[in-house]
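The block underneath contains the structure these notes are about, expressed in structure tokens.
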Amino acid sequence: MNNKGYDFLVLGSGIAGLFFAIKAAKYGKVAIITKKDKAESSTNYAQGGIAAVITQDDSFELHVRDTLVAGAGLCKEDVVRQIVQEAPDCIKELINLGIQFDSAGEKKENGTLEYDLGREGGHSKRRILHAKDTTGREVEQRLLEVISKEPNVHIYENHIAIDLITTKKLGLPGKNRCIGAYVLNKQTGEVISFSARATVLATGGCGKVYIYTTNPDIATGDGVAMAYRAGAKIANMEFIQFHPTCLYHPKAKSFLISEAVRGEGAVLKTIKGEEFMDKYHPLKSLAPRDIVARAIDSEMKKSGAEYVVLDCTNRPAPFLMNRFPNIYATCLSYGIDMTKEPIPVVPSAHYQSGGVVVDVNGLTSIDGLYAIGEVSCTGLHGANRLASNSLLEAVVCARRAAAHIVQNRLPELNVKIPEWQSGNAQNPDEMVVISHNWNEIRRLMWDYVGIVRTTKRLQRAQKRISNLQEEIQQYYWDFTVTSDLLELRNIAIVAELIINCALQRKESRGLHYTLDYPNPSEEWAHKDTIVCKDVRQCS
Ligand code: FAD
Ligand code: SIN
């Protein structure tokens, strides 16, 4: 078997993985494994921007408060403070790497720029740096440009990580430590083992567990599933954020209408043109995302309509076309002129607020294994993520993780990594089973584990997922691995974890709303839901 050795093994090439690699490359050789084209990531589609305290009339205290309010009592305040306070410095680093955020005018005499700051739900100030409505593309492209000039970094595109290699799995004594990962070269079918002194999960979220999502196809929760299988602690998976405004059109796949559009004055209405958000929250259309998504869900259920509309015709056309060129052009390509008519929208799965439990340096419960970005659960988001805080968390934690690994070098381990074992059956006719199970899980999660939940529906979903898991396991061990099979196995595990966490939390809080316990409870006010493969590790 082909074995490759690096100092740092990074799984994923979104903002978290790339920024980490840039930092780590000063200290050793870095391999980035990425399962499709290197730019394909949620990062690449981020619209609204990145939150940070930039102006004199804003303060760390306000950003901290807004984050804590959105998080509904479950944020870790020390983590929130650290990330918010390091934000301006990280933004400076991004700008120094060449990322261009929109400015509010010409450079001043002293050479400084004033930035055009956007506003999004739950923020008490304008503090979102953005590049028009394609902030993620700007970030992804610039970071990839920097990496392309970095001799210490090697990117393996179209390579998908299968599983982490740990000392425990190899039967070695002592505390569990991660020493690398098995990786499938999707083009050749070869499985390669990568070993490294630190392995960093930067694999993003799990939106594809749901049939309707703003996320790109890569978001299949691979990092959470791999970490879970390796024995790491996972937390708060019930807190899946549904973005209120995904474009509703039969031909549009997962196109987001940024919250920044509401930040600039757009208003949610029913299909009859009636405003409704005043019934749900004083901030109306700019209320926190969980409240807006539930309000839309409730209006749609009441009226039987398949969507609501977002009306921005109150803003001048040239302003909309200049501030949101991508949204304007995309809507127009579907025959919707947002300057003249309201945009049909529906909520859809957007962000995984829980994940692999880490400290603020990205360290997981397994030595040598780090998790940064959306795959991780640092405690910044609590029960509900504040808009534009996730790109921020990814950069701050990537920087901290690189520094932590360098300062806490683990001793060398001389371990022979065993050959990859897999079934060798190949039967293309059976592919239909994979696609059937894939669709079944995603539909089931949408119908039974969506915006509004009940214990009965969660239990039903749990039963179905458990049956599907058995079928998938059999496939996994009998057949040669393919990326479709690996992703199916991962979404099934992540679905199971979301359901298990949702069943544990006997209350409604933040993004988790259940009709059986419609109010928050004292008992759960400061408790995370933790899941581990070996329950003894959960405490
Ligand atoms: P990603 O950017 O998703 O990157 C994950 C990487 O891991 C990809 O390269 C993927 O191919 C790779 N990968 C996954 N599994 C494997 C595997 N098994 N093997 C190898 N590689 C693998 N947040 C904000 O803060 N502001 C915004 O304006 C904003 N807008 C958004 C708009 C959209 C449409 C979406 C979908 C999300 C938005 N978010 C926003 C959320 C934010 O974009 C993500 O949380 C963030 O980009 C995640 O970055 P990441 O580096 O953790 O993961
Ligand atoms: C958006 O632009 O609405 C997405 C922002 C985010 O998810 O933080």
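Along the sequence shown, the residues carry numbers beginning at 1. Here the structure is a predicted model, which is why all the values come from computation and not from measurement.
- Counting only N and O atoms by type, the side chains of His350 and Thr214 include a donor and acceptor under 3.5 Å apart.
- Using a 4.5 Å heavy-atom threshold, the side chains of Tyr115 and Ile91 count as separate.
- To the nearest 0.5 Å, the span separating CD1 on Ile472 from CH2 on Trp438 amounts to 10.5 Å.
- Asp528 meets the salt bridge (charged side-chain N to carboxylate O under 4.0 Å, His left out) test with Lys76; sequence neighbours excluded.
- Between Asp222 and Asn490, the side chains place a donor N or O and an acceptor N or O closer than 3.5 Å (distance only, hydrogens not considered).
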* Asked: Would His512 and Trp524 satisfy side chain to side chain contact (heavy atoms under 4.5 Å, CB included), going step by step from the backbone distance to the final call?
  -> CA-CA 12 Å; His512 173 66; Trp524 281 94; over 6 Å; no
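- Ring geometry, Phe194 versus Tyr6: the interplanar angle falls under 30°, so the pair is classed parallel (tilted spans 30 to 60°).
- Listed by first and then second residue, the side-chain hydrogen bond (donor to acceptor under 3.5 Å, both in side chains) pairs that reach into residues 44-53 are Glu40-Tyr45, sequence neighbours excluded.
- The list of salt bridge (charged side-chain N to carboxylate O under 4.0 Å, His left out) pairs with a residue in residues 361-372, not counting sequence neighbours, reads Lys175-Asp367.
- The nearest pair of heavy atoms linking Leu11 to Ala181 is CD1-CB, 4.5 Å.
- Ser193 and Asn3 share a side-chain donor-acceptor pair at under 3.5 Å.
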* Let me see the working for Ser388 and Ile128 under side chain to side chain contact (heavy atoms under 4.5 Å, CB included), right down to the final yes or no. => CA-CA 7 Å; Ser388 289; Ile128 320 291; 3.5 Å; yes
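- Within a 6.0 Å radius of NZ in Lys527, more than 12 heavy atoms belonging to other residues, nucleotides or ligands are found.
- Side chains of Asn176 and Thr167 form a contact here, defined as non-hydrogen atoms less than 4.5 Å apart.
- Across all non-hydrogen atoms, the minimal contact from Cys75 to Val80 is CB-CG2, 3.8 Å.
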Determine all donor-acceptor pairs shorter than 3.5 Å in which one atom belongs to a side chain in residues 373-380; sequence neighbours excluded.
residue, atom, partner, partner atom, Å
Glu374, OE2, Gln352, N, 3.1
Ser376, OG, Gly373, O, 2.7
Thr378, OG1, Leu380, N, 3.0
Thr378, OG1, Glu393, OE2, 2.6

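- Residues satisfying the salt bridge (charged side-chain N to carboxylate O under 4.0 Å, His left out) criterion with Arg289, sequence neighbours excluded, are Glu120, Glu259.
- Nearest heavy atom pair, residue Thr213 against residue Ala349, reads OG1-O, 2.7 Å.
- Residue Cys532 comes nearest to Lys233 through the heavy atom pair SG-CG, 3.6 Å, listed as atom of the first residue, atom of the second, then distance.
- Under the salt bridge (charged side-chain N to carboxylate O under 4.0 Å, His left out) criterion, Glu140 pairs with no residue, sequence neighbours left out.
- Expressed to the nearest 0.5 Å, how far CD1 of Ile434 lies from CG of Leu488 amounts to 6.5 Å.
- The shortest distance between side-chain heavy atoms of Ile366 and Lys168 does not fall below 4.5 Å.
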* To do: I would like to know whether Leu129 and Leu117 meet side chain to side chain contact (heavy atoms under 4.5 Å, CB included); could you show each step before the answer?
  => CA-CA 5 Å; Leu129 288 134; Leu117 299 174; 3.9 Å; yes
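- Within the structure, the ring pair (Phe, Tyr, Trp, His ring centres under 6.0 Å) test picks out no pair touching residues 70-92 (sequence neighbours left out).
- Evaluation of the side chain to side chain donor-acceptor pair (under 3.5 Å) rule for Asn467 yields no partner, not counting sequence neighbours.
- In this structure, CD1 on Ile160 lies 11.5 Å from CD1 on Ile33, to the nearest 0.5 angstrom.
- Between Phe479 and the options Tyr475, Trp477, Tyr476, a ring pair (Phe, Tyr, Trp, His ring centres under 6.0 Å) holds for only Tyr475.
- Between the side chains of Asn437 and Arg489, no donor-acceptor pair of N or O atoms lies under 3.5 Å.
- Taking the side chain as every heavy atom from C-beta outward, Tyr27 and Ile405 never approach each other to under 4.5 Å.
- Pairs engaging residues 394-406 under the side-chain hydrogen bond (donor to acceptor under 3.5 Å, both in side chains) rule: Glu86-Arg400, Asp89-Arg399, Glu93-Arg399, Asn361-Arg400, Tyr370-His404, His404-Asn408 [sequence neighbours left out].
- Contact check on Asp7 versus Lys29 returns no salt bridge, with no Lys/Arg side-chain nitrogen under 4.0 Å from an Asp/Glu carboxylate oxygen.
- Shortest non-hydrogen contact noted between Ala25 and Asn152 is O-ND2, 2.9 Å.
- With sequence neighbours left out, the side chain to side chain donor-acceptor pair (under 3.5 Å) criterion links Glu412 to Arg409.
- When the salt bridge (charged side-chain N to carboxylate O under 4.0 Å, His left out) test is applied to Lys186, no partner is found at least two apart in sequence or on another chain.
- At a threshold of 4.5 Å between non-hydrogen side-chain atoms, the residues Ser483 and Asn158 do not count as touching.
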* Check the pair Asn236, Thr529 against side chain to side chain contact (heavy atoms under 4.5 Å, CB included), reporting the backbone distance first and the verdict last. => CA-CA 5 Å; Asn236 291 352; Thr529 48; 3.5 Å; yes
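- In summary, the side chains of Gln241 and Asn384 do present a donor paired with an acceptor at a separation below 3.5 Å, with no hydrogens or angles considered.
- Looking only at side-chain heavy atoms (C-beta outward), Val356 and Val224 come within less than 4.5 Å of each other.
- The CD1 atom of Ile99 lies 11.0 Å from the CD atom of Gln141; values are rounded to the nearest 0.5 Å.
- Taking CZ of Arg127 as the reference point, atom CD1 of Ile54 lies at 10.5 Å (rounded to 0.5 Å).
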* Are Glu440 and Arg464 close enough, and set up right, to give a salt bridge (charged side-chain N to carboxylate O under 4.0 Å, His left out), and what steps lead you there? -> CA-CA 9 Å; Glu440 183 172 348; Arg464 280 300 302 139; 2.3 Å; yes
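- Glu487 pairs with exactly one of Lys35, Arg442, Lys36 by the salt bridge (charged side-chain N to carboxylate O under 4.0 Å, His left out) rule, that one being Lys35.
- For residues 197-216, the pairs satisfying ring pair (Phe, Tyr, Trp, His ring centres under 6.0 Å) are Tyr210-Phe242, Tyr212-Trp446, with sequence neighbours left out.
- Using a 4.0 Å cut-off between charged side-chain N and carboxylate O, Glu77 and Arg81 make a salt bridge.
- Between Ile147 and Leu18, the shortest heavy-atom distance links the atoms CD1-O, 3.7 Å.
- If you take CG on Leu201 and CD1 on Ile372, they are separated by 9.0 Å, rounding to the nearest 0.5 Å.
- Residues Glu496 and Val494 form no side-chain contact, since every pair of their non-hydrogen atoms from C-beta on lies 4.5 Å or further apart.
- Side-chain contact check for Lys4 versus Leu9: every heavy-atom pair is 4.5 Å or farther apart.
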